[in-house]
Number of protein chains: 2
Amino acid sequence: MTSLNPADSRPLYQQLAAALRDRITSGDLQPGARFPSEADLASQYDTSRNTVRLALDALRNEGLIVSQQGRGTFVRSAPPTRYYASLTGSRAQRLEAERQRDTFTQQIERQGRTARQVSTVEVVPADAEIARHLNMSAGTTVAVRRRVMYADNEPLQLGDSYYPIDIVQDSKIMNPADVVEGTDQVLEDLGHTPTRYEDEITWRMPTVDEVAKLHLGPGIPLGRLLRTSFDQNDLPIEVYVVLLPGDRHVLLYEVEA
Amino acid sequence: MTSLNPADSRPLYQQLAAALRDRITSGDLQPGARFPSEADLASQYDTSRNTVRLALDALRNEGLIVSQQGRGTFVRSAPPTRYYASLTGSRAQRLEAERQRDTFTQQIERQGRTARQVSTVEVVPADAEIARHLNMSAGTTVAVRRRVMYADNEPLQLGDSYYPIDIVQDSKIMNPADVVEGTDQVLEDLGHTPTRYEDEITWRMPTVDEVAKLHLGPGIPLGRLLRTSFDQNDLPIEVYVVLLPGDRHVLLYEVEA
DNA sequence: TTGTTGGTGTTGTACCAACAACTTCTATGT
DNA sequence: ACATAGAAGTTGTTGGTACAACACCAACAA
């Protein structure tokens, strides 16, 4: 039995969580390694299984461990950051790639994975946020193209694109089929060339719906990127909102001083 | 006693969480409203306090409710998004402001709030990630300037700046006192003018330490921005890692196509 | 008026017990 | 050899109890 420091006034389960966290970060328990069972930990640290579970809850919420009913608990293997670099800055040599930012497929296949998308198109009234970014009044009808994007048949991100209805009416964008040349190209063909983007990045915990749709594990937050595209006349022509699970993404920006 | 649907095969605590979630989203329980006590809920839904707590844990993790020992549980009031816009893109008119990106104080005071910083300076071996970005081998000693930044006496963010030791030795940067002109200016005076930044943005749940240092509520994820600065010779001169609580920040970027 | 005390109600911590659900492996039988 | 059944071990769920820690308020005393 390994005892915890009695001078420590923190709750037992927090002390236990800290001790176990150390065993992970110190390398005593390697990524992928099997964790001692709850019963083992309870007897090792001379406490109850209940308290052990409270400690494990904390580690689970930090994303350090994962549990599987019937199999055991394991140290999460090296952050599965599958790494999807999505956004470049303004350097000249990135221009060509940037023109194809909407072709999610290319980005994934460049990483040697198979991409798949499921799209739907709707016409809905704009909520306050979308309307503000498109510089219209709330409730104005807009076209929205909703996509679920998969890599290797695992859901990777959820993306909704909003367009003023008068711009995309009767265009390819209203067709749920994949737009292989990228929506930016379509917008350019319609006389609205995207020349500038404004990005807002926030992060929060997912709702239950999002957990189901994105196959999220516990303790995985969502990043949210809202990108507003402006055309050659500096008019907003698209609002793109994408939700990115924190265990699979890194956003990259390059900024000139 | 309000009973749950017996045909629902989900665990009781999940059904209960769903029922309570509905009462919040439907407006039955308004933001800021007091939640029924755990004992009340247990008798209302004819279950044990243990199960009620599991349900409340779920709602807490989603950020829907907050509990205070001795006072009760409350529906979280509208997100306090205090909004701290931190990062600009490359537009020419932003250049002047950009030169002062490190002067956190100015950004906060522009919002009519009072800023405060606590800084410490250490010399430590670089971990693998920092070393990679500074293009050195892991373990090389670097100077690190750690800051806790407050707005209106509430902690707002944690920022660590890493510098190659040979560049900042004997400079103002090694002094824990505030660098009013901004560290970029100091680096420029030392012959290394920052000309380009590379940003990596990720998000995850906080550790218990971070919860304490940043006064984080439950269910609030952390954003992490890692910015590498390059000088006029394209040499990395600084790695800045800042942790941003999700309920108080929005990151803004502007990108030219 | 002010301060203190104590009672009541709340959430937090810690323990115990039992069974369900699931995985893995072993033993058994065909 | 192969399939099946069952045992053993694991996490998940649900119930219970007791006390600690804290907030709030009313009653009382100085």
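Because the structure is a prediction, the values reported are computed rather than measured. Just so it is clear: chains get the letters A, B, ... in the order the sequence lines come, proteins before strands, and each one is counted from 1.
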The criterion is side-chain hydrogen bond (donor to acceptor under 3.5 Å, both in side chains); which residues satisfy it with [X], sequence neighbours excluded?
X: A:Asp28; answer: A:Arg23
X: A:Ser48; answer: A:Thr51
X: B:Arg49; answer: B:Glu38

Closer than 3.5 angstrom, by distance alone: can the side chain of A:Gln157 be matched with the main-chain N or O of A:Val242 as a donor-acceptor pair? no

Considering only distance and modelled atom types, tabulate donor-acceptor pairs under 3.5 Å from the side chains of residues 65-73 of chain A, sequence neighbours left out.
from	atom 1	to	atom 2	distance (Å)
A:Ser67	OG	A:Arg60	NH1	2.6
A:Ser67	OG	A:Thr73	OG1	2.9
A:Gln68	OE1	A:Arg71	NH2	3.4

Applying side chain to side chain contact (heavy atoms under 4.5 Å, CB included), can you list everything that pairs with A:Ala42, at least two apart in sequence or on another chain? A:Val52

Partner residues of A:Asp40 under the side chain to side chain contact (heavy atoms under 4.5 Å, CB included) criterion, sequence neighbours left out: A:Pro36, A:Ser37, A:Gln44

Which nucleotides of nucleotides 16-22 of chain D have their base under 4.0 Å from a protein heavy atom (B), which only their sugar-phosphate (S), and which neither (-), written as one string 5' to 3'? B-B--BB

Nucleotide D:dA23, atom P - distance to CD of B:Gln68 in whole Å: 9 Å

note: B:Leu54, atom CG; D:dT11, atom P; distance rounded to Å ~ 17 Å

So, using salt bridge (Lys or Arg N to Asp or Glu O under 4.0 Å) as the criterion, who are the partners of A:Arg145 when residues are at least two apart? none

Have B:Thr228 and B:Glu198 got a donor and an acceptor in their side chains that come within less than 3.5 Å? no

Are side-chain N/O atoms of B:Asn50 and B:Tyr13 paired as donor and acceptor at under 3.5 Å? no

Between residues 35-42 of chain A and DNA chain D, which residues have a heavy-atom gap below 4.0 Å? A:Ser37, A:Glu38

Note: chain B reaches DNA chain C at heavy-atom distances under 4.0 Å over the stretch, first to last nt, 5' to 3', of C:dG9 to C:dT13

Do A:Leu214 and A:Leu222 have side-chain heavy atoms sitting under 4.5 Å apart? yes

State, yes or no, whether a side-chain contact exists between B:Trp203 and A:Leu251 at a heavy-atom distance under 4.5 Å. yes

How does DNA chain D read in dot-bracket, base by base from 5' to 3', with Watson-Crick or G-U pairs under 3.5 Å and | used when the partner is on another strand? ||||||||||||||||||||||||||||||

List, one per line, each side-chain donor-acceptor pair under 3.5 Å for residues 118-128 of chain B, sequence neighbours excluded.
from	atom 1	to	atom 2	distance (Å)
B:Glu122	OE2	B:Arg146	NE	2.7
B:Asp127	OD1	B:Glu129	N	3.0
B:Asp127	OD1	B:Ile130	N	2.9

